[in-house]
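See structure below.
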Amino acid sequence: MARTIQSLERAAAVLRLLAGGERRLGLSDISSAIGLAKATTHGLLRTLAQEGFVEQDALSGKYQLGAELLRLGNSYLDVHELRARALVWTDDLARASGESVYLGVLHKRGVLIVHHVFRPDDSRQVLEVGAMQPLHSTALGKVLAAFDPVAHNEVMESDFAAITPLTTTDPDAFDEGLTEVRARGWASDIGETWDGVASVAAPIVDRRRMPVGAVAVTGAVERILDEQALRPRLIAAVRDCARSVSRDLGAGRF
């Protein structure tokens, strides 16, 4: 049997531990879970932090997975089942709406963009795959918070920072708004994250009817809204796209 490198095995054990269960763990919790002395565990964590694979929260001192893993994982996004199933439908949504389309999933108390379809015009645009968006101010984040209990817990523990003057900063008011999101099946963001920009998002579920992501149309407020109201055709198009991806994931009709 080929020999393995013990330090790499231990580092892998730390990463797996941080990837499951609680998202942040203290030094004592980690050393106890992997069966190593605190000094040895601290050395592993310090090295992983230097490489960007883990991060230490300045206030609590606890550790979580780092951003470098996201960059390394971007190559995996091309074969990610959710993204693969959504490719055709999100392209169709961009053509039908004339706007940018984003596919997002819950990650590290935010929304990770795993797919981005450019607005179908000649304007200069920047690919945002791998970018993170807030849970409390974006349409994608609201949908995830409304339908995913883990996302709901995470957003309710956040600081509800004011990103624009229109951002909801009251946790109770935000939570009340999620009741309406659940009832109608979609969420919106009108100038709450970026001035002059609006979004409409709907949830994507898998064969167990569990939320696995969300899809959104995003564009200038004057194009997403008809006077003061969201354009009904855009809402319908986003929901149809979400249903189509969900069906391809085995959810059937819902």
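Note that the structure is predicted; figures quoted are calculated from it, not measured.
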Practice item. Would you confirm whether H136, through its side chain, and T168, through its main-chain N or O, come within 3.5 Å as a donor-acceptor pair? Key: no
Point to revise | H152 side chain to D175 side chain, donor-acceptor N/O pair below 3.5 angstrom | key: yes
Practice item. Please check if the side chain of T90 supplies one atom and the backbone of L87 the other of a donor-acceptor pair under 3.5 Å. Key: yes
Exercise for review: List, by chain and then residue number, the residues other than F147 in its hydrophobic cluster (Ile/Leu/Val/Met/Phe/Trp/Tyr, side-chain heavy atoms under 4.5 Å); write none if there are no others.
Suggested key: V143, V181
Practice item. Could you tell me the separation between the NZ atom of K38 and the OG atom of S32, rounded to the nearest 0.5 Å? Key: 9.5 Å
Practice item. Flag yes if more than 12 heavy atoms outside R16 fall under 6.0 Å of its CZ atom; otherwise flag no. Key: no
Exercise for review: Starting from the C-alpha separation in whole Å, work towards a yes-or-no answer on side chain to side chain contact (heavy atoms under 4.5 Å, CB included) for L106 and E154.
Suggested key: CA-CA 10 Å; L106 177 67; E154 293 195 351; 3.7 Å; yes
Check your understanding: Side chains of V212 and V105: does their closest heavy-atom pair fall under 4.5 Å?
Key -> no
**Study point:** Shortest non-hydrogen separation from V111 to G104 and the atoms involved
**Key:** CG1-CA, 3.8 Å
Review point. Is any side-chain heavy atom of F53 closer than 4.5 Å to a side-chain heavy atom of L15?
Key: yes
Review point. Can you tell me how far CZ of R46 sits from CD of Q56, rounded to the nearest 0.5 angstrom?
Key: 11.0 Å
Practice item. Evaluate the side-chain proximity of V238 to W186: yes if any heavy-atom separation is below 4.5 Å, no if none is. Key: no
Check your understanding: Among the clusters formed by ILVMFWY side chains lying less than 4.5 Å apart, do V150 and L178 turn up in the same one?
Key -> yes
Practice item. Begin with the C-alpha distance, continue with both residues' side-chain angles, and end with the deciding distance and a verdict on side chain to side chain contact (heavy atoms under 4.5 Å, CB included) for I224 and V217. Key: CA-CA 9 Å; I224 302 297; V217 159; 3.9 Å; yes
**Study point:** In one Ile/Leu/Val/Met/Phe/Trp/Tyr side-chain cluster, 4.5 Å: L65, I34
**Key:** yes
Point to revise | Stepwise side chain to side chain contact (heavy atoms under 4.5 Å, CB included) check, L103 with V117 | key: CA-CA 9 Å; L103 187 69; V117 183; over 6 Å; no
Review point. Is a side-chain N or O of K142 found less than 3.5 angstrom from the main chain of S188, in a donor-acceptor match?
Key: yes
Check your understanding: If only atom types and distance count, is the side chain of S97 paired as donor or acceptor with the main-chain N or O of L93 below 3.5 Å?
Key -> yes
Review point. L166 and V221: same hydrophobic cluster, using ILVMFWY side-chain contacts below 4.5 Å?
Key: no
Review point. Roughly how far, to the nearest 0.5 Å, is OH of Y63 from CG of L27?
Key: 6.0 Å
Check your understanding: Minimum heavy-atom separation for A242 to A202, with atom names?
Key -> CB-CB, 3.8 Å
**Study point:** Check: W89/D248 side-chain N/O donor and acceptor closer than 3.5 Å
**Key:** yes
**Study point:** Residue pair S31, T41: steps toward the side-chain hydrogen bond (donor to acceptor under 3.5 Å, both in side chains) verdict
**Key:** CA-CA 6 Å; S31 64; T41 305; 4.6 Å; no
Exercise for review: Determine yes or no for a side-chain-to-main-chain donor-acceptor pair under 3.5 angstrom, with D226 supplying the side chain and A229 the backbone.
Suggested key: no
Exercise for review: Would you give the length of the straight line joining atom CG of D159 to atom OG1 of T169, rounded to the nearest 0.5 angstrom?
Suggested key: 10.5 Å
Practice item. Determine the minimum heavy-atom distance between P134 and T193, stating which atoms define it. Key: CD-CG2, 4.3 Å
Review point. How far apart are the closest heavy atoms of A33 and L17, and which atoms are they?
Key: CB-CD2, 3.6 Å
Check your understanding: Side chains of R95 and D91: does their closest heavy-atom pair fall under 4.5 Å?
Key -> yes
Check your understanding: Parallel under 30°, tilted from 30 to 60°, perpendicular over 60°: which one fits the rings of F160 and F174?
Key -> perpendicular
Review point. Any idea which heavy atoms bring R223 and L234 closest together, and the distance?
Key: O-CD1, 4.0 Å
Study note, to complete from the structure: Output for pair (L45 CG, I30 CD1), nearest 0.5 Å, gives 4.5 Å
Point to revise | I190 vs L230 side-chain heavy atoms within contact, under 4.5 Å | key: yes
Check your understanding: Once you round to the nearest 0.5 Å, how far does CD1 of I5 lie from CD of E9?
Key -> 9.0 Å
Exercise for review: For R83 and V114, indicate whether the former's side chain and the latter's backbone hold a donor-acceptor pair under 3.5 Å.
Suggested key: yes
Check your understanding: Are any non-hydrogen side-chain atoms of D92 and S244 less than 4.5 angstrom apart?
Key -> no
Exercise for review: Work out which heavy atom in L249 is nearest to a heavy atom in V205; give both atom names and the distance.
Suggested key: CD1-O, 3.8 Å
Exercise for review: For residues V101 and H116, determine if any side-chain heavy atom of one lies less than 4.5 Å from a side-chain heavy atom of the other.
Suggested key: no
Review point. Hey, mind stepping through S7 and R10 against side-chain hydrogen bond (donor to acceptor under 3.5 Å, both in side chains) and telling me if it holds?
Key: CA-CA 5 Å; S7 59; R10 290 173 171 177; over 6 Å; no
Review point. Would K62 and E55 pass as an ion pair if we require N to O under 4.0 Å?
Key: no
Exercise for review: Inspect the contact between D57 and R24 and indicate whether a charged nitrogen and a carboxylate oxygen are less than 4.0 angstrom apart.
Suggested key: yes
Check your understanding: Do E157 and R109 come close enough that some side-chain heavy atom pair is under 4.5 Å?
Key -> yes
**Study point:** hydrophobic_cluster_shared for L140 and M156, side chain cutoff 4.5 Å
**Key:** yes
Exercise for review: Go through the side-chain N and O atoms of S246 and R243 and say whether any donor and acceptor fall under 3.5 Å apart.
Suggested key: no
Practice item. Could you give me the CA-CA distance, side-chain angles and deciding distance for T164 and W194, then say whether side chain to side chain contact (heavy atoms under 4.5 Å, CB included) is met? Key: CA-CA 7 Å; T164 76; W194 301 279; 5.8 Å; no
